[in-house]
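Some notes on the structure that comes next.
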Amino acid sequence: MICSVAPAKIILFGEHFVVKNYPAIATAVNLYSKTCIYEYDQPIVESKQLGVKTILGVEDVDQKFKQFNVAYEMIKTISGAVEGFYAVIDSEIPVSAGMGSSASTIVSFIHSLLTYYGLKPDLDLVNKIAYEAEKIVHKKPSGIDNTIVTYGGTIYYRSGSMERLNIDWPNDLYIVAIDTGVKRDTGMVVRSVLDLYDKYPNILGKVYEAAGLLVDTAREYLLNKRFMELGDLININHGLLVSLGLSTIEVEEAINMLKKIGAIGAKMSGAGRGGIVYGLFMGDPHKVRSMVGFAGKIYLLKPINEGVKSIYQ
Ligand code: PMV
């Protein structure tokens, strides 16, 4: 049996603007997806969360597994392998919420299948295959999701290239994410934002420019340990996303709650229109525990350095 795990991610700054080649900053966090592969006579993939399985490499692959089929076909071509396998995907990352569940599961699948076929799971190759697969789900992905879950750490990402940020995260800094429970389709949300941009290019051009400046400032603050000052930038970034029509009542409620219990700043993260919001906290996390009973699901997260890797069970 071969197993690989990949982390979840939080986009700290710059989502959506990154689709139009402005920069964004994302970090890998300590929630994981895992793929384990067993010997089998046909290529099968099963999702524990969805409670479904399908055969790959056939014409009418189940819609939910299209990205796995793209990855499988690419790996088959690269490796020349013909053997079947039984891949089981298990994940603790909420689905369609903005924490990179689709990128994390496809990356752990690709990493484990390359290993199963006896190839070195080179991270650049994993990332390249994952990007092609993500196109099936998101239509016009910026590539930030597959990149951050493949390499881990905290990255400054722009137009397909990344800079790894060596950040000395304080031990008492943590990210609290609330899943509003409102599911959305990233591809559809991205398209509606691009349509709005096409309607008002002169106005939104300025918003995108502001977002670019904001992300560059956030990069400086992170590198220079000016963590407390990130709060303003987080809040302004949220405002810019609101101007693109991405907030909802549930999102605003969750943000207000995070601010009420002392977040330095709070914003939606990922595609928006639901999904997760995050707040940045310094100090004792006990206040967060007082949120038990709040309608959304709460995650206490830490930035992590490692991306996808093999695990031995
Ligand atoms: O909601 P998620 O995790 O799929 O994040 C999408 C991030 C966007 O910037 C909105 C789209 C992209 O491809 O970068």
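For ligands, and for the atoms within them, numbers begin at 1 and follow the listed sequence. Predicted, not measured: the structure shown is a model, and the values here were computed from it.
- Between Leu230 and Arg226, the closest side-chain pair of non-hydrogen atoms is not below 4.5 Å.
- Atom OG1 of Thr186 is separated from atom CD of Glu15 by 11.0 Å, given to the nearest 0.5 angstrom.
- Looking at atom 13 (O) of ligand 1, its nearest protein heavy atom turns out to be Ser142 N, 2.8 Å.
- Here is the list of ligand 1 atoms found below 4.0 Å of a heavy atom in Thr186: 1 (O), 2 (P), 4 (O), 6 (C).
- Residue Lys140 places no N or O, backbone or side chain, under 3.5 Å from any N or O of ligand 1.
- Taking CD1 of Ile148 as the reference point, atom OH of Tyr157 lies at 11.0 Å (rounded to 0.5 Å).
- Here the side chains of Leu244 and Tyr197 are not in contact, with every heavy-atom distance at 4.5 Å or above.
- Looking at Arg184 against ligand 1, only its side chain comes within 4.0 Å, counting heavy atoms.
- Close approach to Ile11 involves these atoms of ligand 1, each under 4.0 Å from a residue heavy atom: 7 (C).
- The ligand atoms of ligand 1 that sit less than 4.0 angstrom from a heavy atom of Glu15 are 9 (O).
- Contact annotation: the side chain of Tyr116 approaches that of Glu39 to within less than 4.5 Å [non-hydrogen atoms, C-beta and beyond].
- The Lys9 neighbourhood of ligand 1 comprises atoms 2 (P), 3 (O), 5 (O), with distances under 4.0 Å to a heavy atom of that residue.
- Applying the 4.0 Å criterion to heavy atoms of Asp145 picks out, from ligand 1, the atoms 2 (P), 3 (O), 4 (O), 5 (O).
- Among Ile10, Val19, Ile276, the residue whose heavy atom lies nearest to atom 11 (C) of ligand 1 is Val19.
- Within the listing of ligand 1, atoms 14 (O) sit less than 4.0 angstrom from a heavy atom of Ile144.
- Between the side chains of Tyr208 and Asn21, no donor-acceptor pair of N or O atoms lies under 3.5 Å.
- His16 N, 2.9 Å is the protein heavy atom nearest to atom 9 (O) of ligand 1.
- A cation-pi contact, defined as under 6.0 Å to the ring centre and within 45° of the axis, is absent between Lys267 and Tyr278.
- Linking Ile, Leu, Val, Met, Phe, Trp and Tyr whenever their side-chain heavy atoms come within less than 4.5 Å leaves Met188 and Leu196 in two separate clusters.
- Residue Val189 does not touch ligand 1, judged by heavy-atom distances below 4.0 Å.
- Listed by number with element, the atoms of ligand 1 under 4.0 angstrom from any heavy atom of Gly98 are 1 (O), 2 (P), 3 (O).
- Using a 4.0 Å cut-off to heavy atoms of Val18, the atoms of ligand 1 that qualify are 9 (O), 14 (O).
- Taking the charged nitrogens against the carboxylate oxygens, Lys34 and Glu92 have no contact shorter than 4.0 Å, which rules out a salt bridge.
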